Amino acid sequence: MAEERFDFRTLEPKWQKRWAEEQIYKTEWDDTKPKYYALEMFPYPSGKLHMGHVRNYTIVDAIARYRRMAGYNVLHPIGFDSFGMPAENAAIQHGADPAVWTKTNIAEMEKQLRRLGYSYDWDRTVYTYREDYYRWTQWIFLQLYKRGLAYKKTAPVNWCPTCQTVLANEQVEEGRCWRCDSVVTKKNLSQWFFRITQYADELLEDLKLLEKGWPERVRIMQTNWIGRSEGLQIEFTLEPTGDKIPVFTTRPDTVYGVTFMVVAPEHPIVEKICTSGLVSEEKVREIRAFQERMKTLSEIERTSTEAEKEGVPLGVNVINPFNGEPAQLWIANYVLMDYGTGAVMGVPAHDQRDFEFAKKYGIPIKVVIQNPDHSLKAEEMTEAYVDPGIMVNSGPFDGTPNLEGIAKVAAYAEEKGIGRRTVHYRLRDWLISRQRAWGAPIPIVYCDRCGTVPVPEDQLPVRLPEGLVFTGEGGSPLARHEGFVHTTCPQCGGPARRETDTMDTFVDSSWYFLRYCDPHNDKAPWDPEVVNKWMPVDQYVGGIEHAVLHLLYSRFITKALRDMGYVNVDEPFAALLTQGMVIKDGAKMSKSKGNVVSPEEMIEKYGADSCRLFILFAAPPERDLDWSDAGIEGAYRFVNRFYRMVVSAVPMWQHARSLLPVRPGDVAGMTGALSEAELTEAIARSSLTAEDRELRRVVHTTVKRITADLQERFAFNTAISALMELTNAVYAYREQVPEEKQNALVLAEAIQKAVLLIAPFCPHLADELWSRLGYPQSVHLASWPSYDEEATRAETVEIVVQINGRVRDRLTVPAGIDAAEMQKVALASEKVQSLIAGKQVVKVIPVPGKLVNIVVKG
RNA sequence: GCGAGAGUGGCGGAACUGGCAGACGCGCAAGACUUAGGAUCUUGUGCCGCAAGGCGUGUGGGUUCAAGUCCCACCUCUCGCACCA
């Protein structure tokens with residue numbers, strides 16, 4: 001017995017094969033069960049799974065398996081986000097065909113996923129690079145186009161010189177490309193955008209629907225990204241010409257304190273001033289020099305908080321429409337052309353940035369919000385006053401508390417026609433064009449006669465041609481492929497050119513969860529009736545890195561599709577779990593650090609079940625997980641310890657079976673399967689020793705704890721520790737109770753429930769043991785174990801007696817003991833008596849079932 | 001600077017509602033079995049102390065019969081945002 005181990009090398013493949021043959025994870029819609037859609041972020045087929053994937057998928061698999069056993073009809077699919085740069089880079093570097101490269105990698109990754117024993121419905125696998133998928137990605141583009149949600153415009157866009165393509169704002173992190181880390185530059189190009197800004201308000205507002213299901217952190221990140229701000233747009237007038245220059249402010253209450261105005265160096269009014277002869281040639285040269293210098297700075301340098309504010313006066317004034325007073329016009333580095341109107345009013349007394357700027361250049365400071373505590377004097381101020389106060393020097397608003405003033409000034413401005421209330425967002429439209437060939441072609445044709453023409457839906461997909469030549473130079477291979485570029489106009493039949501850009505791969509991934517619901521549909525991307533049954537995703541699990549990117553795009557696409565009537569949910573993902581990273585020696589695993597742990601090697605050495613167990617046990621899912629070689633050894637030991645516990649109990653199990661009545665259909669000599677109910681009944685009829693009852697208590701408490709851990713929170717680590725305690729209790733029982741006195745029924749119950757409980761974590765081990773117990777059907781089709789509340793109650797409990805909050809004694813008392821009785825027992829304790837002798841008992845606080853605290857004085 | 005999270009033994013972590021701090025695992029030590037043990041089973045293991053006992057959840061204060069948990073001030077780390085007008 002001591003030698004026996006779970007032979008994962010033969011048994012894991014055995015069960016994987018059996019599951020596949022019997023299709024036990026195949027999911028069909030079932031009206032009789034509640035649905036549960038468990039989803040993980042599908043992988044990019046890089047070729048090898050890393051530990052991050054394994055953690056992500058093991059978490060979702062445990063959830064899916066638990067829900068399945070708990071009676072849900074579970075949808076748990078997988079797919080491959082298989083368009084994108086790495087395939088194309090492989091083509092450029094090694095001459096590989098991206099399609100072949102991708103296919104090979106997918107095959108490799110599928111193999112690894114199968115070796116981990118995940119309970120996917122493999123029939124639903126989606127591959128975004130296949131025609132039967134990207135055809136519908138193109139279809140979605142056309143639907144957006146039809147409704148004005150996809151459009152082309154020329155704009156300064158982010159350009160990654162390494163990836164040789166444009167990027168969406170979300171894909172630029174601190175001025176660098178999210179994939180390759182190159183510094184991103186600006187280019188003025190005509191590109192396709194999705195009008196996500198039309199949904200800005202709803203995307204923000206509906207975060208409220210996700211308050212329960214999503215981490216606060218992610219909701220905050222999206223809120224910040226959308227960056228809604230309410231304010232007043234005011235038109236100042238350029239004194240010499242009468243040109244209107246609108247500014248946006250969230251502080252209308254400070255408008256009487258304006259002493260200057262700043263516009264971005266790229267602001268069109270600057271050009272007008274320079275070419276109008278309003279200012280001296282010398283001034284123009286000064287302005288041009290400043291503009292040039294700003295251009296050479298990178299976005300990061302220009303917008304960093306540390307950069308000192310600097311600017312150049314334009315030598316002209318603007319007029320404040322509120323009081324008719326002139327204010328100097330400047331250009332400065334700290335005003336950005338692409339936020340608000342590209343022009344801001346300068347109120348140095350009440351804005352720290354304006355204050356610094358004014359101090360540096362000797363611009364006047366005018367106090368218009370008076371500090372109610374100390375009277376502010378402009379010349380004595382060392383920083384802007386930004387706290388609440390009373391409006392002064394503000395014409396009709398003098399004496400108004402400034403917080404009230406915000407609304408009053410805005411209303412006044414609208415009434416007088418000098419301003420209007422507006423809302424600004426930081427969110428920009430989603431730039432989806434990519435100058436890359438390994439993606440879904442944008443289904444648009446340009447015709448000299450008809451202009452921009454969408455490809456008719458019945459002509460989809462616009463196929464990616466085979467045999468593209470990848471050189472890495474001269475733009476996208478698609479644009480150089482004559483056969484692809486030249487086509488005929490779907491409207492007039494004349495010669496036309498295809499759009500040669502493909503779509504951002506984030507478009508592919510912003511609807512895959514819908515396709516999983518109806519993956520084989522070749523008439524439509526999905527049948528709304530089917531999708532509406534499965535959606536929303538009940539639990540989504542993935543890394544925090546998509547907090548804004550994928551999760552925002554998917555929310556937008558879902559809302560747009562909802563408005564078109566193709567889906568009926570407002571939000572695609574009802575609940576989100578952002579799992580922590582897998583780290584090693586305190587750092588993220590990376591090749592350069594040499595601390596990468598390969599899942600393949602771990603499976604080879606310890607088996608999939610041990611890997612899964614360790615990953616779930618070592619840390620709560622949302623926290624970072626420190627990989628430890630010793631830790632996985634421990635998991636491996638537990639797998640074997642559990643295995644021995646069950647295998648060695650088989651004779652006892654058979655004995656238990658023999659104690660129960662023979663049922664019709666039982667075959668002589670076979671163990672036969674014991675139902676939970678049969679066992680419970682038989683135990684109820686038998687008499688139990690104190691040890692039997694104690695073991696039962698542990699068994700039933702464990703079921704209760706693990707159920708709560710899996711149902712209410714994803715506390716796999718404590719669930720597994722409870723399972724370890726149960727295992728320890730079974731060993732202890734068998735060690736302490738002489739064999740002839742051991743209760744076969746109670747042991748059988750313990751074994752049965754233990755195997756069911758471990759099934760979500762170690763599916764191969766569980767199924768092997770389940771079959772050894774004589775069950776013909778997979779454990780994964782069995783019901784989640786139940787527990788008897790009565791059996792979880794202990795007969796006696798240990799209570800703690802404290803004196804002045806310090807533990808002084810421990811007493812064993814009957815479980816049901818009331819407060820008064822507890823108090824009596826506590827005070828009667830010899831130890832307590834000796835400690836309180838000669839002291840005055842001030843108070844006694846009994847906490848039922850837990851402790852008694854005796855407060856003494858003297 | 002703003003926002004979020006975290007700080008508990010040698011290590012990963014537990015303590016969910018204020019009620020025995022350190023469950024469970026790793027590591028370490030001892031014992032049993034053994035030709036052998038890097039297998040297995042058992043026992044011990046926060047720190048100081050021979051003991052009685054004392055001290056212990058980042059720091060300092062507070063509330064409470066009772067604080068890892070609540071309140072106030074602060075320190076450190078991680079992540080996100082950052083001249084957004």
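Predicted, not measured: the structure shown is a model, and the values here were computed from it. Chain letters run A, B, ... following the sequence lines, proteins first, then strands; residues in each count from 1.
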Requested in this report: Quote, to the nearest angstrom, the C1' distance that separates B:rG7 from B:rU59.
Outcome: 12 Å

Query raised in the report: Is it the case that A:Arg5 places NZ or CZ above or below the six-membered ring of A:Tyr643, under 6.0 angstrom from the centre and within 45 degrees of the axis?
Result: no

Query raised in the report: Does A:Asn853 get its side chain close enough to the base of B:rC65, under 3.5 Å, for a donor-acceptor pair?
Result: yes

Report task. In sequence, state the C-alpha distance, the side-chain angles, and the governing distance for A:Lys704 and A:Glu789, and then conclude on salt bridge (charged side-chain N to carboxylate O under 4.0 Å, His left out). Result -> CA-CA 8 Å; A:Lys704 185 180 179 177; A:Glu789 190 66 52; 3.0 Å; yes

Query raised in the report: C1' atom, B:rC75 versus B:rU63: distance in rounded Å?
Result: 23 Å

Report task. Identify whether any heavy atom of A:Ile220 sits under 4.0 Å from a base atom; if not, whether one sits that close to sugar-phosphate; answer base, sugar-phosphate or nothing. Result -> sugar-phosphate

Requested in this report: Evaluate the side-chain contact (heavy atoms from CB on, under 4.5 Å) criterion for residues A:Met581 and A:Asp626: first the C-alpha distance (whole Å), next the side-chain angles of each, then the deciding distance (0.1 Å), finally the verdict.
Outcome: CA-CA 9 Å; A:Met581 283 188 303; A:Asp626 207 343; over 6 Å; no

Report task. Could you check whether A:Val847 gets within reach of a base, just the sugar-phosphate, or nothing at all, counting any heavy atom under 4.0 Å? Result -> base

Query raised in the report: Phosphate oxygens OP1/OP2 of B:rG80: is one of them under 4.0 Å from a side-chain N or O of A:Asn224?
Result: no

Query raised in the report: For A:Trp225 and A:Gly805, take the nucleotide of RNA chain B holding the closest heavy atom to each; which residue's nucleotide lies nearer the 5' end?
Result: A:Gly805

Requested in this report: Taking atom P in both B:rC16 and B:rA67, compute the distance separating them and give it to the nearest angstrom.
Outcome: 16 Å

Query raised in the report: Which part of the nucleic acid does A:Pro620 contact within heavy-atom distance under 4.0 Å: base, sugar-phosphate only, or nothing?
Result: sugar-phosphate

Query raised in the report: Which value, rounded to the nearest 0.5 Å, describes the distance between A:Leu204 atom CG and A:Gln222 atom CD?
Result: 9.5 Å

Report task. Give A:Arg806 one of three labels, base, sugar-phosphate or nothing, depending on what nucleic acid heavy atoms sit under 4.0 Å from its own. Result -> sugar-phosphate

Query raised in the report: Using 30° and 60° as the class limits, which term best fits the ring planes of A:Phe761 and A:Phe716: parallel, tilted or perpendicular?
Result: perpendicular

Requested in this report: Verify the neighbour count for atom CD of A:Glu739: are there more than 12 heavy atoms of other residues, nucleotides or ligands below 6.0 Å?
Outcome: no

Query raised in the report: Hey, does the side-chain of A:Lys843 have a donor or acceptor N/O within less than 3.5 Å of a partner on the base of B:rC65?
Result: no

Requested in this report: Could you check A:Asp626 against A:Asn804 and say which one's nearest nucleotide on RNA chain B is further toward the 5' end?
Outcome: A:Asp626

Requested in this report: State plainly whether the residues A:Glu798 and A:Arg810 are in salt-bridge range, i.e. N to O under 4.0 Å.
Outcome: yes

Query raised in the report: Can we call the ring centroids of A:Phe357 and A:Phe260 under 6.0 Å apart?
Result: yes

Requested in this report: Look at the side-chain N and O atoms of A:Ser229 and state whether any lies under 4.0 Å from the OP1 or OP2 oxygen of B:rA85.
Outcome: yes

Query raised in the report: How far does the P atom of B:rC24 sit from the matching atom of B:rU43, given to the nearest Å?
Result: 11 Å

**Report entry** Touch class at under 4.0 angstrom, heavy-atom based, for A:Gln802 against every strand present
**Finding:** base

**Report entry** B:rC11 to B:rG27 separation - P atoms, rounded to the nearest Å
**Finding:** 15 Å

Report task. Name the orientation class of the two ring planes belonging to A:Tyr361 and A:Trp330 (parallel below 30°, tilted from 30 to 60°, perpendicular beyond 60°). Result -> tilted

Requested in this report: Give a yes or no on this: more than 12 heavy atoms of other residues, nucleotides or ligands lie within 6.0 Å of atom NZ of A:Lys360.
Outcome: yes

Requested in this report: May I ask you to decide if A:Phe6's main-chain N or O and A:Asn640's side chain share a donor-acceptor pair within less than 3.5 Å?
Outcome: yes

Report task. Select base, sugar-phosphate, or nothing to describe what A:Thr250 touches, counting heavy atoms under 4.0 Å on all strands. Result -> sugar-phosphate

Query raised in the report: Among B:rC83, B:rA4, B:rG19, which nucleotide sits nearest the side chain of A:Leu851?
Result: B:rG19

Query raised in the report: Just how far is it from atom CZ of A:Arg637 to atom OH of A:Tyr606, taken to the nearest 0.5 Å?
Result: 10.0 Å

**Report entry** Candidate pair A:Asp201 and A:Arg228, rule salt bridge (charged side-chain N to carboxylate O under 4.0 Å, His left out), full reasoning
**Finding:** CA-CA 8 Å; A:Asp201 245 331; A:Arg228 181 190 150 98; 2.9 Å; yes

**Report entry** Minimum-distance nucleotide to A:Arg808 side chain [options: B:rC65, B:rG54, B:rA85]
**Finding:** B:rG54

Report task. Choose from B:rA85, B:rG13, B:rC20 the nucleotide whose nearest atom is closest to any side-chain atom of A:Arg623. Result -> B:rG13

Report task. Please report, rounded to the nearest Å, how far the P atom of B:rC20 is from the CE atom of A:Met822. Result -> 12 Å

Query raised in the report: Where along residues 721-728 of chain A does a heavy atom fall under 4.0 Å from RNA chain B?
Result: A:Ser721, A:Met724, A:Glu725, A:Asn728

Query raised in the report: How is the base pairing of RNA chain B summarised as a dot-bracket string, given the Watson-Crick and G-U wobble criteria with both distances under 3.5 Å, [ ] for crossing and | for another strand?
Result: (((((((..(((......[....)))((((((.......))))))(((....)))..(((((..]....))))))))))))....

Query raised in the report: In whole angstrom, what separates A:Tyr636's OH from B:rA39's C1'?
Result: 10 Å

Query raised in the report: Rounded to the nearest Å, what distance is computed from the CG atom of residue A:Leu336 to the P atom of nucleotide B:rA85?
Result: 11 Å

Report task. Quick one: label A:Arg217 by what it contacts on the DNA or RNA (base, sugar-phosphate, nothing), any heavy atom closer than 4.0 Å. Result -> sugar-phosphate

Query raised in the report: B:rG13 and B:rA6: how far apart are their P atoms, nearest whole angstrom?
Result: 13 Å

Query raised in the report: Whole Å only: how far is the CG atom of A:Leu549 from the P atom of B:rC81?
Result: 10 Å

Query raised in the report: To the nearest angstrom, how far is A:His546 atom NE2 from B:rG80 atom P?
Result: 14 Å

Query raised in the report: Atom CZ of A:Phe617 and atom P of B:rG13: how far apart are they, to the nearest Å?
Result: 11 Å

Query raised in the report: Does B:rC41 have OP1 or OP2 sitting under 4.0 Å from an N or O in the side chain of A:Arg641?
Result: yes

Query - Under-4.0 Å salt bridge between A:Lys309 and A:Glu356 - result: yes

Query raised in the report: CE of A:Met337 versus C1' of B:rC84: gap in Å, rounded?
Result: 14 Å

Requested in this report: Side chain of A:Arg5 only, please: which of B:rG13, B:rC65, B:rA39 is the nearest?
Outcome: B:rA39

Find every protein N or O atom lying less than 3.5 Å from an N or O atom of nucleotides 27-33 of chain B, and list the pairs.
| from | atom 1 | to | atom 2 | distance (Å) |
| --- | --- | --- | --- | --- |
| B:rG27 | OP2 | A:Arg637 | NH2 | 2.8 |

Report task. Looking at every strand, decide which applies to A:Asp351 at a 4.0 Å heavy-atom threshold: base, sugar-phosphate, or nothing. Result -> nothing

Query - Salt-bridge contact A:Glu725-A:Arg705 (side-chain N to carboxylate O under 4.0 Å) - result: yes

**Report entry** Nucleotide nearest A:Glu216 (side chain, heavy atoms from C-beta), chosen from B:rG13, B:rA4, B:rA85
**Finding:** B:rA4

**Report entry** A:Glu230 CD - B:rA85 P separation (whole Å)
**Finding:** 12 Å

Query raised in the report: What distance, rounded to whole Å, do you find between the two P atoms, one in B:rU69 and one in B:rU8?
Result: 14 Å

Report task. Rounded to whole angstrom, note down the P distance from B:rC84 over to B:rG5. Result -> 24 Å

Requested in this report: Name the nucleic acid region contacted by A:Gly227, choosing base, sugar-phosphate or nothing; use a 4.0 angstrom heavy-atom cut-off, strictly under.
Outcome: nothing

Query raised in the report: Which glycosidic conformation, syn or anti, is assigned to B:rG9 if syn requires a torsion within 90° of zero?
Result: syn

